[in-house]
Every structure is written in structure tokens, then in C-alpha cells.
Amino acid sequence: MDIEAFRKAGYQAIDRICDYYYSLEQRSVASQVRPGYLKELIPDNAPEEGEDFQQIADDYQRCIVPGLTHWQHPSFFAYYPTACTFEGILADLYATSATNPGFNWACSPACTELESIVMDWAAKLFGLGDHFLNSAEVGGGVIQTTASDSGLVAIVAARSLYTSKHPEAKLEDMIIYTTTQTHSLGVKAGLVLGLECRALEVMPEDKYALRGETLKRAIQEDVGRGKHPFVLVATVGTTSSGAIDHLGEIGEVAKSYPSLWIHVDAAWAGITLACPEYREVAQLDNINKYADSFCTNFHKWGLVNFDASTLWVRNRKHLTDALDITPEFLRTKEGDAGVVIDYRNWHLALGRRFRSLKIWFVLRSYGAEGFRRHIRQGIELNKHFVSLLRSSSDFSLVTEPSFALSVFRLMPPSIVSTEIDKEKLEATLNDLNKDYYSRLSGRNDIALTQTKMNGTFCIRFAIGAARTKKVHVDHAWQILQEEAQATLSAWGKPEAAT
Ligand SMILES: *Cc1c(COP(=O)(O)O)cnc(C)c1O
């Protein structure tokens with residue numbers, strides 16, 4: 001393809017992308033294809049001779065689009081939002097047009113310098129303390145692929161720091177702390193690093209948040225048996241229910257155990273810190289006081305297309321001590337002089353994408369106020385959703401709503417009042433809600449996900465897609481009621497209730 005052919009195909013691609021967005025609401029939210037569908041449409045081998053690009057572009061529409069689940073659909077309430085904006089798409093296009101692996105400052109100075117500036121913009125937008133700023137040259141910020149990578153990088157740095165201070169600690173005695181509600185990234189880091197991971201218990205009465213006492217007991221137990229807990233992955237906004245660990249209590253406990261690195265994973269909820277009114281709930285002061293590292297994802301609720309996970313560390317030296325490997329061919333005079341950041345030493349891989357461009361485009365085009373409006377709108381829509389749920393006695397929230405996430409289940413008085421054995425009732429409710437959820441997941445005009453919390457089967461409603469409005473929440477509520485009625489009347493029949 002030459003430049004003029006690219007120009008033509010590029011215009012067509014943008015036109016088709018616009019058509020896609022215009023048609024989004026008419027599409028089925030989740031893809032309806034069967035496993036293996038694509039093998040029937042695409043040959044087993046790459047073509048020997050190059051093909052006409054028009055045909056390739058048409059095959060994208062014919063073969064690929066039907067197999068897409070439309071996360072940008074305004075009725076997408078599953079998992080978590082991946083709010084994507086045109087500004088971000090355009091930034092990706094520019095970034096890829098000047099593609100380079102960006103591992104050193106010298107690879108393309110703009111890539112490193114923009115990342116370092118944009119990470120400071122974001123830190124200030126969220127109210128993070130000066131010690132996290134790149135400009136202060138103590139801590140700093142770096143864009144990782146995902147929150148899982150951010151967590152792994154933090155844990156690698158924590159391990160390095162710990163073993164340098166405690167050379168007697170054997171790897172088999174070192175422990176990563178998570179909670180039973182922490183994202184699986186903690187367990188995965190344990191798998192990758194060959195380290196034990198211990199999930200601390202959290203309670204429904206604490207809204208599934210980690211308490212200081214629980215941490216204290218665990219440390220006493222583990223240290224007592226010669227173990228070395230060295231990092232805690234605490235969460236602001238857990239994946240299941242949006243729970244927020246008690247960072248203040250955790251920080252107090254960690255004072256008498258200063259070798260414990262505290263990583264705060266706020267992959268989904270962290271961007272609410274942009275709004276001053278949510279900083280107390282999201283524990284900004286405690287993050288600034290106690291977190292050794294902090295992560296949030298712009299690529300979830302934060303209007304930036306996947307991927308862009310932002311990670312800040314209190315002390316950049318802890319990262320580079322763990323990850324700096326400089327063979328001769330990677331040396332540069334700026335790097336040797338220590339006057340630039342070489343981001344290859346701040347993450348696991350060597351090469352890296354030019355992700356800061358999309359954060360830059362989005363923050364400039366929306367402005368801090370526009371960004372906050374988007375967050376506030378998600379939270380307002382969730383309040384509206386919660387008021388609808390509360391208006392019906394058939395539904396019950398499983399835990400307090402968190403920002404733009406609600407976790408609920410069917411709990412109709414007709415069933416609750418007839419079953420007095422608590423255990424049996426819970427089992428019945430779980431079966432009922434599984435039936436209900438399976439009806440909901442059969443719908444193509446809405447997408448939701450399930451979760452289980454301390455044995456309770458529940459349904460998550462996650463708001464935050466860039467184009468979701470009140471009408472979509474109202475429509476979702478209509479569907480939820482319709483399917484609830486259908487589920488309950490099926491259960492009303494004697495053969496179904498047994
Ligand atoms: C979504 C989520 C993750 C995982 O995010 P990735 O960027 O896909 O790794 C981790 N933790 C929390 C709290 C999340 O909500």
C-alpha cells in the first residue's frame with residue numbers, strides 16, 4: 001500500500017467507524033456467534049499472494065464485526081466500563097503512525113517526555129501528593145499495560161527492596177497479602193514469581209473491606225512462624241463490589257511493620273479522585289500517606305481506549321533497583337548522565353507503546369471539568385438505578401452501591417417469607433438468581449455480569465460507558481423487571497420450585 005492508497009483506505013476506515021458508532025445502539029450488545037465461527041470464514045493459511053485491500057477492509061465488516069461484543073454500546077453494564085473516546089482513537093492512530101519501541105529517552109524523546117509530563121498532569125488531577133510527581137524526581141509515574149502489570153511491577157519492586165533489607169529471608173518464606181476480594185492479579189503475581197499469596201478474610205458487615213485488625217493478626221501469625229510478608233495489595237473499589245479497604249487502619253498497622261510495601265490497586269475507581277467530593281470516600285489522604293505505589297486505569301472509566309494503566313511509586317529508585325538492566329547496546333549518553341528517564345527500567349518489558357498521547361488528547365479535549373462531568377454522570381446514573389431498585393420489593397442490594405457500581409439480587413418477599421431456615425433460604429435464593437441471570441444473559445439488548453460474594457450469587461450493574469444516558473438505565477430497569485417476572489412465574493409453577 002502506498003501513501004495515496006493509504007489516504008483513500010484511511011478515509012474509508014474513518015467513515016466506516018463513524019457508521020459503526022451511529023449503528024451501535026441497534027446492535028446486539030454481546031456477540032451472538034458460536035465458538036469457532038471464524039474458522040468457517042477465514043482460510044487456514046495466510047495467502048501466498050497479497051490481496052486487494054478493499055477486500056480485506058470488507059472482510060473486517062463481514063467476518064470480524066459480528067464476533068465483537070460492543071463494550072461501547074450504551075447498554076453495556078457488564079464487567080467494568082471501557083469508556084472510549086474519539087480523541088483517544090485519533091491519538092492511537094498518530095502514535096502508531098510514528099511507531100517506535102520507546103524504551104529509552106533517546107528512542108524518541110517526545111514519547112518519554114510526554115509520558116512524564118502527562119503522568120504529572122494526572123497525578124495533580126487526582127490530588128496525589130508531590131512525592132508521586134515525576135517533576136520532584138523522587139517518586140514518579142509510568143504508564144503500564146494493565147493493572148495486573150502495575151501490580152506485578154509493584155510486587156517485583158517490593159520483593160527486591162525487602163530482600164535487600166532482609167538478606168536472610170528465603171523466597172519460599174515470603175508472602176504476598178491480598179484479600180478474598182482482591183483482583184486475581186495478586187494470585188497471578190504469586191504464580192509468576194513463585195511466591196505464596198495469602199488472601200485475608202473480609203466480612204459482609206465491613207462491606208467486604210479489609211480492616212487493620214485482620215492485617216495485624218495475619219502479620220503476627222506469619223512473622224511468628226518465620227514467614228516474611230512483604231507486600232499488601234489493598235484495593236480502592238474491588239472488582240466484585242467496589243469495596244474500599246480501610247487504608248488508614250492498614251497504614252497504622254504497617255507503622256510497626258515498616259517493611260510491608262502497600263500497593264493500592266484502584267484500577268476502576270481511582271479516577272473518581274479527579275472529583276474533590278469523592279476524595280474522602282476514595283481515601284486520597286491515606287493513599288498519599290501510606291501507599292508505596294498506586295495504580296488506576298484510564299482505560300476503564302477514564303475515557304481513554306485500552307490500554308493505559310497509570311502507576312505511581314513513592315520512590316522511583318525502588319523500581320529501577322529491581323528492574324534496571326543496562327547492557328552496552330542500550331547505553332546512551334543521556335542515560336549515563338542520569339539526566340533523562342529511561343522507562344524500560346520502570347516496567348517489565350523492554351519496548352513500550354506511546355500511550356501518553358491518548359491521555360494527553362483526552363485530558364486536553366475534555367478538560368479537567370469535562371473529565372469530572374463524565375465521572376459524576378456515571379455516579380448520578382447509578383444513584384438513579386439504585387432508586388429504581390429500591391422502589392421494588394423484589395430486589396435487594398447485596399452491599400452498598402459503590403460509585404457507579406451496584407450489586408444486587410432478586411429477593412422476593414414471596415420466597416423470603418415462606419422459608420425460615422436461613423441456610424435453605426440462601427440456597428434457594430442462589431438458585432433463583434442463577435436462573436434469573438441466565439435469562440438476562442440470553443438477552444441481546446443488555447450485558448451484565450455475575451459475581452459471588454461470600455457464597456452469595458449476585459448480579460453486577462456497572463455504569464460508565466461513554467455513551468450511557470438515563471434512557472439506557474431506564475431501559476435496563478425495564479428489562480430487569482420483565483425478566484424478574486418471567487423468572488418468578490416460572491418458579492411459581494410447582495415443578496420448577498422443587
Ligand atoms: C479491572 C481491575 C483489575 C484488572 O485490570 P487489568 O488492567 O485488566 O489488569 C484489577 N483490579 C481492579 C480493582 C479492577 O477493577
Side-chain angles (χ1 to χ4, degrees), residues 10 13-25 27 29-31 60-61 64-65 67-100 102 110-111 114-115 117-119 121-122 125-126 141-150 266-272 274 295-311 347 349 351-368 370-375 377-378 404 447 462-468:
I14 298 285
D15 278 341
R16 288 184 170 184
I17 291 169
C18 293
D19 294 344
Y20 169 75
Y21 273 93
Y22 277 124
S23 71
L24 207 45
E25 250 180 281
R27 293 174 185 266
V29 187
S31 172
Y60 170 77
Q61 306 293 334
I64 304 301
V65 174
L68 296 177
T69 284
H70 307 292
W71 287 60
Q72 303 314 314
H73 196 294
S75 296
F76 184 92
F77 301 105
Y79 306 101
Y80 43 78
T82 53
C84 168
T85 52
F86 296 118
E87 292 86 339
I89 296 174
L90 288 169
D92 249 2
L93 191 58
Y94 283 122
T96 199
S97 75
T99 195
N100 76 94
C111 299
L114 186 66
E115 181 159 339
I117 292 168
V118 162
M119 287 301 289
W121 279 22
L125 177 68
F126 298 147
V142 54
I143 307 177
Q144 307 280 339
T145 312
T146 60
S148 309
D149 286 338
S150 291
W268 160 70
I271 53 141
T272 60
C295 160
T296 188
N297 285 349
F298 270 90
H299 67 236
K300 285 186 165 173
W301 195 0
L303 296 171
V304 175
N305 39 328
F306 190 83
D307 50 23
S309 177
T310 43
L311 171 71
H347 75 156
R352 49 210 323 283
R353 278 155 40 88
F354 185 15
R355 299 186 184 89
S356 54
L357 197 65
K358 50 194 177 186
I359 300 181
W360 192 47
F361 276 25
V362 168
L363 289 183
R364 289 186 62 188
S365 178
Y366 275 74
F371 191 83
R372 291 183 194 112
R373 253 195 307 280
H374 165 67
I375 306 302
Q377 171 174 301
I463 299 176
R467 290 154 195 87
T468 301

- Item | Gln377 side chain vs Thr468 backbone, donor-acceptor pair below 3.5 Å | yes

- May I ask you to decide if the ring planes of Tyr20 and His70 are parallel, tilted or perpendicular, using 30° and 60° as cut-offs? tilted

- Just by modelled atom types, is the Gly141 backbone N or O under 3.5 Å from a matching donor or acceptor in the Glu115 side chain? no

- Answer with yes or no after comparing the ring centroid distance for Trp71 and Phe306 against a 6.0 Å cut-off, counting only values under it. no

- Exam field: side chain Ser309 to backbone Gln144, donor-acceptor pair closer than 3.5 Å: no

- Task: Determine the minimum heavy-atom distance between Arg372 and Leu125, stating which atoms define it.
- Result: NH2-CD1, 4.0 Å

- Note on the structure: Those residues at least two apart in sequence (or on a different chain) that pass salt bridge (charged side-chain N to carboxylate O under 4.0 Å, His left out) with Asp307 are Arg353, Arg355

- Just by distance, do the side chain of Lys358 and the backbone of Asn305 share a donor-acceptor pair under 3.5 Å? yes

- Task: Determine yes or no for a side-chain-to-main-chain donor-acceptor pair under 3.5 angstrom, with Ser23 supplying the side chain and Asp19 the backbone.
- Result: yes

- Item | Ring-face cation contact, Tyr22 with Arg467, 6.0 Å cut, 45° max | no

- Task: Flag yes if more than 12 heavy atoms outside Tyr94 fall under 6.0 Å of its OH atom; otherwise flag no.
- Result: no

- What pairs of residues pass the salt bridge (charged side-chain N to carboxylate O under 4.0 Å, His left out) test when at least one of them lies in residues 68-89, not counting sequence neighbours? none

- Query: Where the side chain of Glu25 meets the backbone of Pro74, is there a donor-acceptor pair that is under 3.5 Å apart?
  - Reply: no

- Task: For Gln72 and Tyr21, work out which heavy atoms get closest and say how close.
- Result: CG-OH, 3.7 Å

- Check for a donor-acceptor pair, side chain of Thr96 on one end and backbone N or O of Thr99 on the other, with a separation under 3.5 Å. no

- Any donor-acceptor N/O pair, His299 side chain to Val304 backbone, under 3.5 Å: no

- Determine the minimum heavy-atom distance between Ile143 and Ile359, stating which atoms define it. CD1-CD1, 3.9 Å

- Query: Could you walk me through whether Thr85 and Tyr366 pass the side chain to side chain contact (heavy atoms under 4.5 Å, CB included) check?
  - Reply: CA-CA 10 Å; Thr85 52; Tyr366 275 74; 3.2 Å; yes

